[in-house]
Novice: 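The following block contains the structure, expressed as structure tokens.
Letters A, B, ... are given to chains in the order of the sequence lines, protein chains preceding strands, and every chain is numbered from 1. Atom set for the values below is all heavy atoms of this structure, side chains included, hydrogens, waters and symmetry mates excluded.
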Amino acid sequence: MTTSPATERGGVTGRAPWPLVVPALLGLAFLVLPLAGLLVRAPWSTLPRRLAEPQVLEALRLSLVTASLATAVCLLLGVPLAWLLARASFPGRRLVRALVTVPLVLPPVVGGVALLLVLGRRGLLGQWLEGTFGITLPFTTAGVVVAEAFVAMPFLVISVEGALRAADPRYEEAAATLGASRWTAFRRVTLPLVMPGVIAGAVLCWARALGEFGATITFAGNFPGTTQTMPLAVYLALETEPEAAIVLSLVLLAVSVVILASLRDRWTSSP
Amino acid sequence: MTTSPATERGGVTGRAPWPLVVPALLGLAFLVLPLAGLLVRAPWSTLPRRLAEPQVLEALRLSLVTASLATAVCLLLGVPLAWLLARASFPGRRLVRALVTVPLVLPPVVGGVALLLVLGRRGLLGQWLEGTFGITLPFTTAGVVVAEAFVAMPFLVISVEGALRAADPRYEEAAATLGASRWTAFRRVTLPLVMPGVIAGAVLCWARALGEFGATITFAGNFPGTTQTMPLAVYLALETEPEAAIVLSLVLLAVSVVILASLRDRWTSSP
Amino acid sequence: AGQVGGTPAAEGDRTLTVFAAASLTGSFTEIGWAFEAAHPGTAVRFNFGSSATLAQQIVQGAPADVFAAASPATMKPVTDASLAAGAPVTFARNKLRIAVPAGNPAKVDALEDLADARVKVALCARQVPCGAAAVKALDAAGLKVTPVTLEQDVKATLTKVELGEVDAALVYQTDVIAAAGKVKGIAFPEADQAVNDYPVAALAKAPAGDLARRFVDLVLSRQGRQTLAAAGFEVVPAP
Amino acid sequence: MTGPSTGPSTGRGAGLRARLVVTRPSFALDITLEVAAGEVVALLGPNGAGKTTALRALAGLTPLSAGGTITLDGLPLHPLPAEQRPIGMVFQNYLLFPHLSALDNVAFGPRCQGASKAEARRTAADLLRRIGLAEQASARPGRLSGGQAQRVALARALAVRPRLLLLDEPLAALDAHTRLEIRSHLRRHLAGFDGATVLVTHDPLDAMVLADRLVVVEHGSVVQQGGPAEVARRPRTDYVARLVGLNLFRGVADGHRVEVGELTFSTSEQPAGAVFVAFSPAAVALYRSRPDGSPRNLWRARIDGIERHGDNVRVHLAGPIAAFADITPAALADLDLAPGQEIWASVKATETHAYPA
Amino acid sequence: MTGPSTGPSTGRGAGLRARLVVTRPSFALDITLEVAAGEVVALLGPNGAGKTTALRALAGLTPLSAGGTITLDGLPLHPLPAEQRPIGMVFQNYLLFPHLSALDNVAFGPRCQGASKAEARRTAADLLRRIGLAEQASARPGRLSGGQAQRVALARALAVRPRLLLLDEPLAALDAHTRLEIRSHLRRHLAGFDGATVLVTHDPLDAMVLADRLVVVEHGSVVQQGGPAEVARRPRTDYVARLVGLNLFRGVADGHRVEVGELTFSTSEQPAGAVFVAFSPAAVALYRSRPDGSPRNLWRARIDGIERHGDNVRVHLAGPIAAFADITPAALADLDLAPGQEIWASVKATETHAYPA
Ligand SMILES: Nc1ncnc2c1ncn2[C@@H]1O[C@H](COP(=O)(O)OP(=O)(O)OP(=O)(O)O)[C@@H](O)[C@H]1O
Ligand SMILES: Nc1ncnc2c1ncn2[C@@H]1O[C@H](COP(=O)(O)OP(=O)(O)OP(=O)(O)O)[C@@H](O)[C@H]1O
Ligand code: MOO
Ligand SMILES: [Mg+2]
Ligand SMILES: [Mg+2]
């Protein structure tokens with residue numbers, strides 16, 4: 001698991017094989033060129049004015065807060081779920097694993113409807129939640145977090161499960177002989193070993209939550225300040241001023257790229 | 001990397017630790033309960049009639065074909081890109097890695113607009129493509145694949161990169177001493193080793209492509225038979241007949257769950 | 001936009017929640033300001049979205065006071081569930097226009113031109129109001145148009161025109177006005193056969209019931225209609 | 001199962017008693033193991049004999065098949081999961097946690113046993129100092145040399161103060177100097193506590209020096225056991241004979257004469273019936289022509305190979321019996337031997353050793 | 001760097017010539033290595049000395065720092081990437097590809113060299129048969145025992161017919177029987193081709209038997225090199241002395257007298273100036289009271305530890321010089337020794353061996 005020998009072999013660029021480099025650069029271009037298109041079209045002159053609008057900042061703040069909370073929820077529930085899928089054997093595991101992808105395949109708006117059906121005021125659980133604890137989720141910031149977590153969790157679960165499957169289980173055995181319970185072994189050995197996979201999953205999860213639109217607007221509505229995240233603001237801007245929508249998207253992008261670029265290396269280099 | 005010792009230790013269920021099992025079950029419930037809500041609300045009586053509609057089958061077929069093609073494109077371009085990000089060191093790698101998440105964060109509709117700006121009739125590349133090769137992407141099935149691949153590729157890239165980072169690079173060194181070029185080492189050693197991660201990424205990618213809506217309709221439009229995938233059909237059904245939308249979603253879900261449940265174990269158990 | 005201080009306690013700090021079709025974003029936001037000015041201490045919260053989604057939310061118990069939909073069909077689930085306080089009132093109409101990109105590359109100037117196979121046309125899908133209207137207009141003209149795409153809403157249709165991906169599309173007058181400069185609108189006679197009505201209703205279980213009625217009144221008032229007309233809506237004569 | 005049971009008479013259940021049964025499609029292990037408290041038993045055997053499997057079964061990492069039981073200090077161990085067994089284990093390929101420093105690897109066990117972080121680190125630092133790795137305390141395993149890594153693995157296993165210590169080749173990667181130190185450190189540690197130790201090693205010297213008793217496993221079964229001297233003097237299988245550097249043959253004795261295949265050996269002992277005959281390669285003399293001297297045990301052999309062996313030369317002999325002969329380089333030059341050549345070989349009766357099979 | 005260069009005079013560039021320089025923040029390797037074609041050089045040294053680092057540098061896995069060069073058969077090797085170097089390498093921890101069967105692991109190299117799948121598998125099957133693992137051909141590495149895995153690793157490295165063979169502890173995990181076989185198989189293979197071999201081992205016997213020349217590395221530098229006998233007879237560092245089982249001291253000679261710290265030794269040789277004095281632990285006699293006999297080299301020592309050593313007992317002595325004494329168990333019982341006790345130690349002049357430092 002040491003990465004130092006690889007580091008010792010030095011940069012790869014010198015003799016990186018073209019069957020890898022050519023498609024890699026094509027892929028990168030494919031992902032990044034459309035961004036260039038947006039940048040070209042963006043109305044740079046009005047940018048400062050837009051950024052000054054309190055609603056934009058509010059939506060941005062709300063987006064960042066809810067996406068981060070949703071990622072936290074997903075980590076809390078998703079990493080254990082991934083572990084169960086990768087390490088436990090129980091009847092129907094294949095089905096359960098496939099079911100985890102449900103929120104991915106469900107068109108987000110339908111996902112939002114499904115959430116309303118279950119957690120809405122008249123929903124299966126929602127009624128009980130409201131009756132017993134006085135909790136209503138739809139049309140609240142908490143609802144945004146729920147919608148984002150619902151849509152983003154599969155990304156976390158599936159990447160972490162993949163990482164767990166690729167990890168060497170003999171380290172867990174070594175931990176067991178040292179008296180570590182499965183929980184301790186998971187926490188202190190397995191988790192750090194698959195940290196790159198967890199981080200990859202969390203990044204996917206966070207980014208997906210940040211860009212979530214359909215489930216959020218359906219389940220939580222579109223209220224400035226409480227549930228209007230950036231993608232919702234972008235949607236509304238598209239109704240009135242398409243250029244503004246591009247500016248808003250670029251702001252969202254820039255913030256997320258800066259955050260990801262500054263966070264990831266520090267995290268990924270630790271294990 | 002052997003999994004046999006873990007297998008030898010037998011199923012985990014007997015003494016799986018509750019700090020993992022409890023959140024895992026909560027997470028599972030969170031992902032699956034909304035599905036239950038949909039099932040309860042689904043108009044089962046009209047289901048057979050809906051399934052018989054040729055448009056539904058056409059949309060389903062189109063969805064499966066385009067999602068699979070998009071996944072193939074993503075594997076072809078995304079795995080090399082992941083390798084570059086994980087193993088090569090070049091200036092600005094952190095930024096490039098963050099840029100890969102752009103299509104995730106971009107609201108899909110804006111993503112579609114961005115694709116149009118680049119690959120549309122008047123787009124930066126689109127003009128050239130049409131002039132030189134007579135290729136137009138918008139409003140074609142190829143356009144659907146492009147839109148889905150654009151939105152889904154980050155999932156593949158980021159999970160595979162995570163898997164590559166967690167893999168032991170010393171096996172690549174061993175391959176090098178046996179005369180394997182970096183390309184051979186990648187193909188015959190690294191790739192099989194990170195196969196669980198690649199499969200996880202491909203599953204995410206396929207499922208995301210299958211559920212893709214915003215970028216597809218914006219870039220490729222919506223025309224039955226050529227560009228109307230299931231999520232587009234669902235969205236439009238939602239406008240007039242929410243029950244029909246639920247039925248369509250369930251059909252899409254059922255098909256994807258069956259496909260994933262039948263494919264994944266055969267693949268993941270191989271390495 | 002909560003009000004702090006300066007307001008008589010009698011009015012209290014109240015919030016009025018309005019669910020409105022996304023196409024009303026501009027005009028209703030303005031009407032909202034007017035309402036807040038007229039009712040100090042009251043904040044108007046808007047939830048703009050697709051009419052169908054909004055209806056779904058209301059049926060599922062969303063805390064809404066007023067619902068303004070983009071078509072009678074999308075209002076229907078709400079009235080069916082007896083959630084509207086009284087019959088919905090049509091407050092605005094929208095008429096179709098042919099939209100062509102700046103420069104009109106395909107030289108479109110009448111509805112018949114859309115039937116030309118060389119002209120790339122975008123229409124709204126039949127399931128959304130502008131699509132239903134387009135079908136009506138084309139039927140009235142006896143034309144068979146094969147579009148390249150059936151868009152999910154009118155804004156998406158308009159985007160295709162703005163970016164030059166299609167040569168022509170049928171959109172609303174309001175959209176042509178909002179996209180002033182980037183698309184050109186062409187009026188056509190059959191548009192009169194395909195007018196789309198916007199109904200508004202105060203809701204039965206409105207948490208702010210009295211305010212809801214007053215908001216509907218404001219929409220129907222001269223001031224409201226002026227605002228809507230400025231956005232390109234055809235204003236319904238006062239009842 | 002042929003050797004006499006020389007296991008110590010363990011008092012009231014102190015120590016380890018185990019019947020290890022592991023059945024795999026292509027391999028079956030079934031051995032009985034008794035290790036008194038404070039005793040060190042070395043598990044010896046050819047590659048693939050099942051030694052690692054036996055240790056894993058003791059540790060609870062490989063489940064026992066039907067019939068297997070493990071008792072430690074009178075208490076049944078087999079129902080417990082690995083983490084509840086009071087064991088320490090050194091793995092054949094170390095398995096140091098790659099994300100933890102050497103210090104934290106060693107501190108891991110004490111932490112799991114409830115020690116505070118500071119306490120665990122103190123214990124660990126102390127152990128690392130004792131094995132001469134104080135400087136590497138903060139290094140990740142990827143930056144340790146092979147021998148350093150194995151020493152850290154050893155320290156990690158000792159840090160939990162186990163009642164049963166399981167060591168799979170603990171000294172294999174150590175250099176001569178360190179091996180000596182670690183060996184005596186290990187001995188001192190083992191002397192200091194009254195737990196049982198099971199040690200797998202391929203090094204006869206390690207086995208002889210460290211172990212109170214040897215258990216030789218082949219193909220999943222015990223083929224011989226006993227004190228180091230006993231095993232060294234009276235090997236019962238080819239593997240053990242090679243291990244202790246003897247030529248070994250099975251024959252039928254009748255007075256001073258032992259029939260080994262077509263040969264007849266004279267021996268100094270007088271056993272009867274089926275016997276083993278053992279003698280050292282150094283006791284074999286080679287002649288170009290038939291000698292007339294006193295050695296009675298004379299046979300014609302073909303030279304199969306010649307290799308250096310320490311300061312001497314080892315000659316592989318084929319013929320009626322396959323044997324090794326160790327001769328000095330000077331003798332090799334005198335005799336002018338080459339592979340394929342036919343020669344005479346003999347061994348004095350007093351140098352051979354016969355004992356019941 | 002103190003030993004006289006006894007490297008062979010390699011003909012017109014045939015074989016390996018290397019200056020290996022690797023500079024790390026906490027470690028620096030700088031050794032010169034010459035291995036003639038067909039020659040086997042063993043790299044010996046304590047853990048962490050830099051042996052693996054040297055092999056990795058030769059293989060191209062660790063980049064050389066400024067000043068380093070590698071020439072193989074007259075051609076510069078250091079500009080080539082690892083995959084283009086005609087090498088075969090056995091890693092200290094095997095690194096078998098976990099997803100390939102034993103057969104496919106071995107066939108990997110030939111495949112990379114362009115052999116057809118069938119051809120590569122035939123080569124591999126043949127090699128596996130020769131190392132006695134035909135039955136395990138289709139097993140994944142996870143199902144191999146430690147020794148089986150190492151044999152497969154060896155076969156994998158040999159399968160590419162390298163011009164330079166790099167072996168990091170190739171025999172460490174093998175049992176005595178297999179080790180003997182693999183060792184002679186390896187010798188035969190090495191004899192069969194004219195490439196250079198560099199071998200890292202901790203086993204003095206392996207080094208003596210397999211290598212034509214020993215190069216001893218400590219702290220990243222060569223401290224001694226020469227033929228096995230030369231090194232065994234005249235160790236130049238504590239590490240080598242322990243390796244070959246001698247007590248070693250540095251002193252200043254004047255005729256038959258050598259001053260070692262506060263002691264004066266009589267030796268049979270007559271060197272002058274700085275010298276080493278070496279003698280076997282078995283040559284050390286212990287007495288409870290001052291003896292009056294012939295041994296001249298007498299000193300008062302404290303017993304630091306006692307351990308079994310083969311059939312004998314090794315006594316660690318502290319005092320003016322730190323030395324080992326090997327005595328028989330009978331002598332131990334007679335003398336009734338215990339750690340901490342003060343005794344007299346002596347060694348006969350004829351048993352000591354002095355040579356220039
Ligand atoms: N990747 C690395 N980064 C930094 N230091 C390292 C790295 N690998 C090894 N070292 C250090 O370099 C020194 C030499 O290590 P090396 O592995 O070459 O030793 P060795 O002679 O092979 O020892 P052993 O016999 O124990 O295998 C050691 O002190 C080790 O801790
Ligand atoms: N996980 C496994 N699944 C199936 N067979 C296995 C497994 N592990 C080991 N074996 C086989 O079981 C037999 C015993 O293996 P084991 O590892 O116990 O041998 P060992 O005595 O430790 O050998 P070595 O000295 O080479 O390490 C071998 O034939 C091996 O191939
Ligand atoms: O309900 Mo709308 O205004 O057609 O999106
Ligand atoms: Mg083993
Ligand atoms: Mg090493």
Side-chain angles (χ1 to χ4, degrees), chain D residues 24 26 44-53 92-94 132-133 135-136 139 143-151 168-169 172-180 183-184 187-188 200 202-205 208-210 228-229 232 238-240 242-245 305 307-311 314 316, chain E residues 24 26 44-53 92-94 132-133 135-136 139 143-151 168-169 172-180 183-184 187-188 200 202-205 208-210 228-229 232 238-240 242-245 305 307-311 314 316:
Chain D
R24 292 207 190 99
S26 60
L44 287 162
N47 294 130
K51 307 180 295 294
T52 297
T53 305
Q92 199 162 359
N93 26 19
Y94 325 157
L133 284 180
E135 270 180 51
Q136 272 79 12
R143 318 231 132 186
L144 296 175
S145 77
Q148 289 164 348
Q150 191 144 10
R151 271 140 82 193
D168 204 348
E169 308 265 6
L174 302 180
D175 64 81
H177 179 102
T178 314
R179 176 177 283 208
L180 206 82
R183 196 193 276 147
S184 44
R187 271 204 78 78
R188 251 176 287 136
V200 168
H202 285 128
D203 186 329
L205 188 65
M208 305 287 170
V209 169
L210 279 175
D238 269 357
Y239 166 75
V240 182
R242 292 244 173 79
L243 192 72
V244 299
E307 59 165 359
R308 217 175 330 162
H309 185 74
D311 284 340
R314 173 156 286 185
H316 298 236
Chain E
R24 290 207 191 100
S26 61
L44 287 162
N47 294 129
K51 304 179 296 294
T52 297
T53 304
Q92 198 160 0
N93 23 21
Y94 327 156
L133 284 180
E135 270 179 53
Q136 272 80 14
R143 318 230 133 185
L144 297 174
S145 76
Q148 289 165 347
Q150 191 144 12
R151 271 140 81 193
D168 205 349
E169 307 263 6
L174 302 180
D175 64 82
H177 179 102
T178 315
R179 177 178 281 207
L180 206 81
R183 195 194 277 147
S184 42
R187 270 203 79 78
R188 252 175 289 136
V200 169
H202 285 128
D203 185 329
L205 189 64
M208 302 288 171
V209 170
L210 278 176
D238 269 357
Y239 164 74
V240 183
R242 291 245 174 78
L243 192 71
V244 300
E307 59 165 359
R308 216 177 333 161
H309 185 72
D311 285 338
R314 174 156 287 185
H316 298 235

Novice: When heavy-atom pairs shorter than 4.5 Å are enumerated against chain E, which of D/G147, D/A49, D/A149 gives the highest number?
Specialist: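 Looking at each option in turn, the highest pair count goes to D/G147.
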Novice: Quick one: which of D/H202, D/Q92, D/E169 has the most heavy-atom pairs under 4.5 Å with chain E, could you say?
Specialist: D/H202
Novice: Among D/P46, D/G305, D/A172, which has the most heavy-atom pairs under 4.5 Å with chain E?
Specialist: D/P46
Novice: With a 4.5 Å heavy-atom cut-off, do D/S145 and E/N47 have their side chains touching?
Specialist: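 With C-beta onward as the side chain, the pair touches.
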Novice: With respect to chain E, which residue among D/D238, D/N93, D/L174 yields the maximal number of heavy-atom pairs within a distance under 4.5 Å?
Specialist: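 Option with the greatest count: D/L174.
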Novice: Select one option (side chain, backbone, both, neither) describing which atoms of E/Q148 are under 4.5 Å from chain D's heavy atoms.
Specialist: both
